[in-house]
Student: 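So that we are looking at the same thing, I have put the structure below in structure tokens.
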Amino acid sequence: MSSVLADLLRGEDVVHIARSLIGVELISWAGGVETAVRITETEAYRAPEDRASHAFGNRRTGRTEVMFGPPGHAYVYLCYGIHEMFNVVTGPEGQAHAVLIRAGAPSRGLETILQRRNMERPGPKLSSGPGVLTRALGIDRRHNGVDLCRTAGPLRLDMTGPPIAAADIVATPRIGIHFAGEPWISQPWRFHLRDSPYVSGPRQALKKR
DNA sequence: TGTCGGATCGTG
DNA sequence: ACGATCCGACAC
């Protein structure tokens with residue numbers, strides 16, 4: 001069974017895939033409720049040479065195992081003891097490449113998303129980031145390894161929506177990887193939708209007017 | 001068995 | 001700027 005999505009995740013370079021996943025819908029049935037976001041922010045992690053990747057040097061452990069498996073599956077891990085982080089494993093199989101999904105704009109199940117984010121208060125405080133995203137969609141380590149191309153699965157990627165213009169995607173260095181050193185700190189492997197309020201961290205052009 | 005530090009987040 | 005909070009990785 002072939003699809004545009006599966007072909008993309010299998011055949012393209014992980015940095016290209018990270019850019020291409022902007023605008024793709026991530027749909028979750030975690031907890032029996034449908035929630036979804038349109039992805040607004042991603043980061044590419046390119047093992048084995050990328051020091052910021054958990055699979056740096058092709059280190060193969062229990063945690064990183066799914067990254068060495070077939071593309072199109074979820075890599076979910078716990079960060080700082082608190083936050084679940086959701087990644088899309090990309091191909092080719094055996095190359096432990098992955099794309100971290102950092103943020104998205106709610107597209108389905110908004111009420112549930114707001115509840116899960118504890119945003120029922122009327123105040124502003126529109127927080128975002130990879131940990132908040134997984135909490136909003138009910139994603140945790142139980143989803144590690146699930147096939148994201150299966151239409152019946154608990155997590156699913158859907159790229160049938162309207163495409164994003166290349167000019168609306170901004171590339172910047174990745175966030176929170178100071179430990180990796182150069183040149184990895186400076187690689188422009190983070191991508192986000194220009195001007196979207198659903199983006200964490202610094203924008204490239206901090207409005208100069 | 002023990003230590004160490006992290007692909008974060010929200011408050012101060 | 002900082003503390004919460006816990007697991008994976010590695011040293012011993």
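Proteins get letters first, then strands, A, B, ... in listed order; numbering begins at 1 in each.
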Student: State which residues pass ring pair (Phe, Tyr, Trp, His ring centres under 6.0 Å) with A:Y77; sequence neighbours excluded, sorted by chain then number.
Tutor: A:H54, A:Y75
Student: Check the distance between B:dT8's C1' and A:R117's CZ and give it to me in whole angstrom.
Tutor: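 Rounding to the nearest Å, CZ of A:R117 and C1' of B:dT8 are 14 Å apart.
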Student: For A:H178 and B:dG6, what is the distance between atoms NE2 and P respectively, to the nearest whole Å?
Tutor: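 Whole-Å distance recorded here is 9 Å.
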Student: On DNA chain C, compare the nucleotides closest to A:I82 and A:R141; which residue's is nearer the 5' end?
Tutor: A:I82
Student: Would you say A:T40's side chain and A:Y198's backbone share a donor-acceptor pair under 3.5 angstrom?
Tutor: yes
Student: According to the Watson-Crick and G-U wobble definitions, with both distances under 3.5 Å, which nucleotide is paired to B:dG6?
Tutor: C:dC6
Student: Within the structure, does a side-chain N or O atom of A:T61 lie under 4.0 Å from either OP1 or OP2 of C:dA9?
Tutor: yes
Student: So what does A:I177 hit on the nucleic acid, given a heavy-atom distance under 4.0 Å: a base, only sugar-phosphate, or nothing?
Tutor: sugar-phosphate
Student: Can you check the A:F179 CZ to B:dA7 C1' distance for me, whole Å?
Tutor: 6 Å
Student: Just the rounded figure in Å: distance from C1' of B:dC4 to OH of A:Y80.
Tutor: 13 Å
Student: Would you jot down, in residue-number order, the residues of residues 180-187 of chain A having a non-hydrogen atom under 4.0 Å from DNA chain C?
Tutor: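 Those residues whose heavy atoms fall under 4.0 Å from DNA chain C, taken from residues 180-187 of chain A, amount to none.
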Student: Answer yes or no: does a side-chain N or O of A:R59 lie under 4.0 Å from OP1 or OP2 of C:dC10?
Tutor: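 Yes, A:R59 has a side-chain N/O under 4.0 Å of OP1/OP2 on C:dC10.
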Student: Is a side-chain donor-acceptor pair under 3.5 Å present for A:E41 with A:S200?
Tutor: yes
Student: In whole Å, I'd like the distance from the CZ atom of A:R60 to the P atom of C:dA9.
Tutor: 13 Å
Student: Distance alone, cut at 3.5 Å: any donor-acceptor contact between the side chains of A:E65 and A:T61?
Tutor: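 Short answer, no.
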Student: Rounded to whole Å, how long is the line connecting atom CD of A:E65 with atom C1' of C:dA9?
Tutor: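 My rounded result for the distance is 15 Å.
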Student: In whole angstrom, what separates A:F56's CZ from C:dC10's P?
Tutor: 12 Å
Student: May I ask you to verify if any side-chain N or O of A:R63 is less than 4.0 angstrom from the OP1 or OP2 atom of B:dG6?
Tutor: no
Student: Can you check the A:L100 CG to B:dG6 C1' distance for me, whole Å?
Tutor: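 Atom-to-atom, A:L100 to B:dG6, this comes out as 13 Å.
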Student: CZ of A:R60: more than 12 outside heavy atoms within 6.0 angstrom?
Tutor: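 Yes - once you tally the heavy atoms of other residues, nucleotides and ligands closer than 6.0 Å, there are more than 12.
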Student: Select base, sugar-phosphate, or nothing to describe what A:R51 touches, counting heavy atoms under 4.0 Å on all strands.
Tutor: nothing
Student: Quick one: does NZ or CZ of A:R174 land under 6.0 Å from the six-membered ring centre of A:Y45, within 45 degrees of the ring axis?
Tutor: yes
Student: Is there a salt bridge (Lys or Arg N to Asp or Glu O under 4.0 Å) between A:E25 and A:R156 once you walk through the steps?
Tutor: CA-CA 8 Å; A:E25 195 169 24; A:R156 180 160 72 88; over 6 Å; no
Student: Any donor-acceptor pair, under 3.5 Å, between the side chain of A:H54 and the base of B:dA7, if you only look at N and O atoms?
Tutor: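 Yes, a donor-acceptor pair under 3.5 Å.
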Student: Ring of A:Y45 versus six-membered ring of B:dA7: centres under 5.5 Å and planes under 30°?
Tutor: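 Yes, the aromatic ring of A:Y45 stacks with the base.
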